[in-house]
Participant: 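Below you will find the structure I want to go over with you.
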Amino acid sequence: MPSKPDLKVGLIGSGFMGKAHVFGYATAQKVFDLPVSVTLHTLADVSDEAATRAAGAFGFAHATADWRAMVADPEIDVINITAPNALHKEMALAAIAAGKHVYCEKPLAPTAADALEMTEAAEAAGVRTQVGFNYLCNPMLALAREMIAAGELGEIRGYRGLHAEDYMADAGAPFTFRHDPAGGGALADLGSHVLASAEFLLGPIAQVMGDCVTVIGTRPDGKGGTREVETDDIGRAMVRFANGATGTIEGNWVAMGRKMQHDFEVYGSKGALSFSQERFNELHFYTADDPEGRRGFRRIEAAPAHPPYGAFCVAPGHQIGFNDLKAIEVAGFLRAIAGEGPEPFSFAKGLRIQHLVETIQASSREGRWQQTG
């Protein structure tokens, strides 16, 4: 049997998402029959010490504190970016100029203008791109979209989307890169997931009316003083979809007690769906076709009948996890690089989400509905 082409990966950053990317590559190669193999070549981090430590822990052959040198290495085929948001553009453009495929965590860039430049550069260079929206890889979301498209809910009338966590709820927590305007705030950080899920399920959002709120106005600067916060802690919007449905979305990082509430509800003329990331191996379905006295939301449990769940577990109801979603995302990207399909969530799609975020922010400032086209 001929050997598979080998893709050599360079990773920038070894924090939470950097580790998730490594898990994704490791798992994807075990559970999927992929057209390529992967070698973890080089890990770049803020110092030689940090890079060497992480490279040893994650299984990379090389380590460096100079990401530019890693990007320029002709042996490396794919650059994975899990650095702070404000650094994405410079790193991605350098990787694209070097002819590398690029896998970048969301948000793609701090501004839509930056995201557009990155997208156009990638398309001109002919490289494959991926933005990290792995919640969309959940088999339950694919099932929900299939049910909606098949008309099982009837005419779609309403949508509610929410991503709430509490990691910024403490007013004494220090100012971070996420609070900088280049970081984007809660709407860009969490609301981007809500927007991606909404359009994945119901298609394009045509109009928005935003309301972005800063709850904690100042935070410790780490130097004995404080720093003013300009970004939102809660970003909300009323939305109108191109298909006529209306609804709301919210990104909230001061929601005390919530750790991972990426939820949606879809209401149609014949039925409804309800989903929570906190129990993301379940989808709840209500149908008006049930007889009186027997109506209620029924639980659909993830199972091998919902691909690619079966690649991870042959038994229904045993559940897959967060890092498994990353593995599904990685597998889709590797297949795209090999020419076996489109990118699951390309830079162009990441640009679309950043455009929606900025349109909602503009709507909030101006106090009026905005078109998203």
Side-chain angles (χ1 to χ4, degrees), residues 106 132-166 189-205 235-239 241 243 245-253 255 257-290 295-310 312-313 316-329 344-345 353 356:
K106 65 86 203 164
F133 280 94
N134 56 306
Y135 300 130
L136 300 180
C137 298
N138 189 339
M140 293 291 95
L141 265 71
L143 175 61
R145 182 164 71 169
E146 177 184 314
M147 295 171 71
I148 293 166
E152 294 185 49
L153 277 63
E155 177 190 357
I156 303 303
R157 295 170 172 170
Y159 184 86
R160 296 171 62 192
L162 168 68
H163 192 129
E165 301 188 33
D166 68 356
D189 197 39
L190 299 183
S192 56
H193 284 301
V194 185
L195 292 164
S197 293
E199 292 207 326
F200 178 83
L201 294 168
L202 299 188
I205 294 170
R236 302 184 180 95
M238 293 185 288
V239 298
F241 293 87
N243 66 6
T246 61
T248 62
I249 65 97
E250 178 178 325
N252 185 336
W253 63 23
R258 291 297 184 184
K259 308 304 177 185
M260 175 42 68
Q261 189 187 20
H262 180 69
D263 295 6
F264 66 79
E265 295 178 348
V266 186
Y267 305 107
S269 58
K270 294 168 49 179
L273 291 172
S274 177
F275 170 85
S276 176
Q277 182 71 19
E278 293 178 339
R279 302 180 67 91
F280 77 74
N281 282 266
E282 302 174 4
L283 180 66
H284 293 256
F285 174 47
Y286 178 95
T287 175
D289 291 338
D290 286 340
R295 292 181 181 174
F297 278 90
R298 67 184 65 166
R299 184 180 66 192
I300 302 171
E301 290 187 323
H306 310 121
Y309 175 100
F312 297 89
C313 184
H318 284 55
Q319 305 189 0
I320 59 176
F322 173 85
N323 288 315
D324 296 326
L325 300 185
K326 210 65 180 172
I328 297 169
E329 183 174 80
F345 207 91
I353 299 304
L356 289 174

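Residues: numbered from 1 along the sequence shown.
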Participant: Do Glu278 and Arg258 meet the salt-bridge criterion of a basic N to acidic O distance under 4.0 Å?
Facilitator: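 Salt bridge present between Arg258 and Glu278.
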Participant: How long is the span from the CG atom in Leu273 to the CZ atom in Phe297, to the nearest 0.5 Å?
Facilitator: 8.0 Å
Participant: Given side chains that start at C-beta, do those of Gln277 and His163 come closer than 4.5 Å, heavy atoms only?
Facilitator: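 Heavy-atom side-chain distance check fails, nothing below 4.5 Å.
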Participant: Students often mix this up, so state it plainly: with edges at 30° and 60°, are the rings of Phe264 and Tyr159 parallel, tilted or perpendicular?
Facilitator: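 Rings of Phe264 and Tyr159: parallel, under 30°.
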Participant: State whether Asp166 and Lys259 are salt-bridged, where the test is any N-O pair (Lys NZ or Arg NE/NH1/NH2 against Asp/Glu carboxylate O) under 4.0 Å.
Facilitator: yes
Participant: Can you check whether Glu165 reaches Leu190 side chain to side chain, under 4.5 Å on heavy atoms?
Facilitator: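 Of all side-chain heavy-atom pairs linking Leu190 with Glu165, at least one is under 4.5 Å.
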Participant: Are any of the side-chain heavy atoms of Asn243 and Glu155 separated by less than 4.5 Å?
Facilitator: no
Participant: Test of understanding: with ring pair (Phe, Tyr, Trp, His ring centres under 6.0 Å), list the residues that count as partners of Phe280, not counting sequence neighbours.
Facilitator: none
Participant: Ser269: which residues meet the side chain to side chain donor-acceptor pair (under 3.5 Å) condition with it, sequence neighbours left out?
Facilitator: none
Participant: I'd like to know whether CZ of Arg295 has more than 12 heavy-atom contacts from other residues, nucleotides or ligands below 6.0 angstrom.
Facilitator: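 Yes, the 6.0 Å shell around CZ holds more than 12 heavy atoms from other groups.
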Participant: With the side chain counted from C-beta on, respond yes when Arg298 and Thr287 share a heavy-atom pair under 4.5 Å apart, and no when they do not.
Facilitator: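 Result yes, sub-4.5 Å side-chain heavy-atom pair found.
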Participant: Ring pair (Phe, Tyr, Trp, His ring centres under 6.0 Å) with Phe285: which residues, sequence neighbours excluded?
Facilitator: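 Applying ring pair (Phe, Tyr, Trp, His ring centres under 6.0 Å) to Phe285 gives none.
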Participant: Mind checking the CZ-CG spacing from Arg236 to Leu162? Nearest 0.5 Å is all I need.
Facilitator: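 Reported value, rounded in 0.5 Å steps: 9.5 Å.
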Participant: Can you see which heavy atom on Tyr135 is nearest to which on Leu325, and at what distance?
Facilitator: CA-CD1, 4.3 Å
Participant: Working to the nearest 0.5 angstrom, can you tell me the gap between Arg299 CZ and Glu282 CD?
Facilitator: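 One gets 5.0 Å once the value is rounded to the nearest 0.5 Å.
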Participant: What's the separation between atom CE in Met140 and atom OG in Ser276, rounded to the nearest 0.5 Å?
Facilitator: 14.0 Å
Participant: In the structure I gave you, are the side-chain heavy atoms of Leu283 and His306 within less than 4.5 Å of one another anywhere?
Facilitator: no
Participant: Donor-acceptor pairs under 3.5 angstrom involving side-chain atoms of residues 197-204: please list them, not counting sequence neighbours.
Facilitator:
residue, atom, partner, partner atom, Å
Ser197, OG, His193, O, 3.2
Ser197, OG, His262, NE2, 2.8
Glu199, OE1, Arg352, NE, 3.2
Glu199, OE2, Ile205, N, 2.7
Glu199, OE2, Arg352, NE, 3.3
Glu199, OE2, Arg352, NH2, 2.7

Participant: Show the atom names and distances, to 0.1 Å, of all donor-acceptor pairs under 3.5 Å that link a side chain in residues 143-153 to residues at least two apart or in another chain.
Facilitator:
none

Participant: Can you confirm whether Asp189 sits close enough to Trp253 that some side-chain heavy atom of one is under 4.5 Å from a side-chain heavy atom of the other?
Facilitator: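 A side-chain contact exists here, since the closest heavy-atom pair is under 4.5 Å.
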Participant: Report the distance from atom CG of Leu141 to atom CG of Leu136, rounding to the nearest 0.5 Å.
Facilitator: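 Taking CG in Leu141 and CG in Leu136, the distance rounds to 6.5 Å.
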Participant: Could you grab the distance from atom OG of Ser192 to atom CD1 of Ile249, nearest 0.5 Å is fine?
Facilitator: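 The distance works out to 9.5 Å.
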Participant: Run the numbers on Asp263 and Arg160 for salt bridge (Lys or Arg N to Asp or Glu O under 4.0 Å), then give the verdict.
Facilitator: CA-CA 8 Å; Asp263 295 6; Arg160 296 171 62 192; over 6 Å; no
Participant: With side chains defined as the heavy atoms from C-beta onward, is the minimum distance between Pro308 and Pro139 less than 4.5 Å?
Facilitator: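 In short, these two side chains touch, coming nearer than 4.5 Å.
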Participant: So, for Cys313 and His318, which heavy atoms are closest and what is the spacing to 0.1 Å?
Facilitator: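 Scanning both residues completely, I find the closest heavy atoms to be SG-CB, 3.6 Å.
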Participant: Please answer whether the main-chain N or O of Asn134 pairs with a side-chain N or O of Glu329 as donor and acceptor at a distance below 3.5 Å.
Facilitator: yes
Participant: With a 4.5 Å limit on heavy-atom distance, are the side chains of Pro316 and Glu301 in contact?
Facilitator: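 No, every pair of side-chain atoms sits at 4.5 Å or beyond.
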Participant: Considering residues at least two apart in sequence or located in another chain, which fulfil the side chain to side chain contact (heavy atoms under 4.5 Å, CB included) criterion with Asn281?
Facilitator: Ala302, Tyr309, Gln319, Ile320
